[in-house]
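Presented below is the structure to which this report refers.
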Amino acid sequence: MVIVGEKINTSRKNVEDAVRRRDAAAIAAMAREQAEAGAHYIDINAGTFVDEEVDCLCWLTETVQQAMPLPLSLDSPNPVALAEAMKLHRGEPMVNSISLEQERLDSLLPVITSQPCSVVALCMARTSMPVTTEERVQVGSELVETLTAEGVPREKIYVDPLIQPVSVNTDMGVAALGAIRRIMEDFPGVNAICGLSNISFGLPERRLINRSFLALCMAYGLSAVILDPTDRQLMATLLSVELLLGRDEYCGNFIDAYQSGRIAG
Amino acid sequence: MNDFKALSEAISKGDINKAVAETKSALEAGISAQDILNQGLIATMNEVGDRYSKGLIFVPQMLRSAKTMQECTKLLKPYFQEGDVVSKGQVLMGTVRGDLHDIGKNLVSMMLEGAGFTITDLGVDVAPEIFVEKVREVEPDIVGMSALLSTTMPAMADTIEALQKAGLRKKVKIMIGGAPVTERYAQKIGADAYGSDAGSAVTRAKELLGIDRSEE
């Protein structure tokens, strides 16, 4: 599983404060903490700054990369912010994200093909949010085909089936799971990624629901996930499911994580 | 004052069959549709909204209650007389330009409906000029705008500006909401109110129109 650490997001109060103060030490600590907990990418999102988002995302790119060696997931629906942050990024970032929304797609394709990177393809249709598995697969397939036609290799594409709350429609979980399975079967080599917290909006015990959903997503073929890697219970779910799916030789990762105190039951 | 305890309980629980039966028997007992609506249905939905805002109940429970109320309201419709005031106010709702998220907007619309407002839902990705056109056409009391992305929030400001230019700004109250939206942002762009969730959106809407709960 590819793990994208989600904590450096200015919708969190302490992150917003740190970015506003340009507190490099605080941001560096959040980056290192996630890297040590097992992240492969560090997500950075400065969306709440609206007018100053571009500056903030650029500052975060440099600050986080100075703190640790991992590549970043540049998280914004804003093509300008993504393009500017990409120029500063060392190594191959993950561009998070593109969708079929025309303006976003048109302005981001040149950015994505301008330098090597991975890309999150969000299953958002042109004029609506998909609901059924079929609709999600339709959008996902179109995105994969568009990206590969532009020369992006399949292994660098991360399809996000778009997670929506089960509190509003109890079919939303199954619809997303079905889409993960179909995308992974139809396009061998492509990755499936998602965030977890949307699934549990409007419900109690959200962390439990998120953990259970992670296990199901993995069983349906999810190969990457955006989460808080310092959440020891969530990481315990992830590592134990990997083990149960036969992807942890001699159960080594699980036991290592236990012996170094990175997971909690 | 009529006794709507059983009806109220059925709506709170989202028991459609029971609520429909209670509504029917209230009508048969000669209670006016207006009283059933205000003292039975709307009063209950106000409580449901409050309990949701306080975190005591959750989204599926609120949805279930709203659906139950809708079924009861259908039964009342034929009984309303010409001239009965059945709406607390007209609300024009939409997710702003560039944004396709509709869950928050739908929850707010449903709860406003439950509170007795009439909703005209413009859907998602609604451009400022469409808001302007519809404000002219529908003449709402309130315009409600939703945005779920920080990148589409500015379209709320654009819409307010467009209403201003069209000379319509003073004719409506403007209420905004959505995950990245804050009270501060509402003030910054000159909106009249910010609703942090579906329950408080109803409270704000009533405040905007000077509807006092004790009058209900």
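Throughout, protein chains are lettered first and strands after them, A, B, ... in sequence-line order, and every chain is numbered starting at 1.
Counting only distance, with no hydrogens or angles, the side chain of A:Gln34 and the backbone of A:Glu6 share a donor-acceptor pair below 3.5 Å.
Checked for salt-bridge contact, A:Lys87 and A:Glu84 meet the test: a charged N lies under 4.0 Å from a carboxylate O.
Contacts of A:Asn169 with chain B are absent, with no heavy-atom separation under 4.5 Å from either backbone or side chain. Of the atoms belonging to A:Ala81, not a single heavy atom falls under 4.5 Å from chain B. For a residue to count as touching a neighbouring chain, one of its non-hydrogen atoms must lie under 4.5 Å from one of that chain's; by this rule B:Leu107 touches chain A with the side chain only.
Interface remark: of the candidates B:Asp125, B:Val124, B:Ile103, B:Ile103 forms the most heavy-atom pairs closer than 4.5 Å to chain A. Across B:Pro60, B:Pro154, B:Gly123, the residue that shares the most heavy-atom pairs under 4.5 angstrom with chain A is B:Pro60. In terms of non-hydrogen atom pairs under 4.5 Å with chain B, the most contact-rich of A:Gly47, A:Pro204, A:Ser11 is A:Pro204.
The shortest side-chain heavy-atom distance between B:Thr152 and B:His101 does not fall under the 4.5 Å cut-off. Looking only at side-chain heavy atoms (C-beta outward), A:Pro93 and A:Met86 come within less than 4.5 Å of each other.
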| field | Stepwise side chain to side chain contact (heavy atoms under 4.5 Å, CB included) check, A:Arg104 with A:Leu122 | value | CA-CA 11 Å; A:Arg104 201 159 155 186; A:Leu122 185 64; 4.0 Å; yes

| said: Show, in sequence, the C-alpha distance, side-chain angles and deciding distance for A:Leu72 and A:His89, and conclude whether the side chain to side chain contact (heavy atoms under 4.5 Å, CB included) test is met. | reply: CA-CA 8 Å; A:Leu72 306 184; A:His89 189 279; 3.6 Å; yes

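At a heavy-atom separation below 4.5 angstrom, chain A is approached by B:Arg184, B:Lys188 within residues 158-189 of chain B.
Within 6.0 Å of the CD atom in B:Glu137, the count of heavy atoms belonging to other residues, nucleotides or ligands exceeds 12. The 12-atom threshold is exceeded at CD of A:Glu135, counting heavy atoms of other residues, nucleotides or ligands nearer than 6.0 Å.
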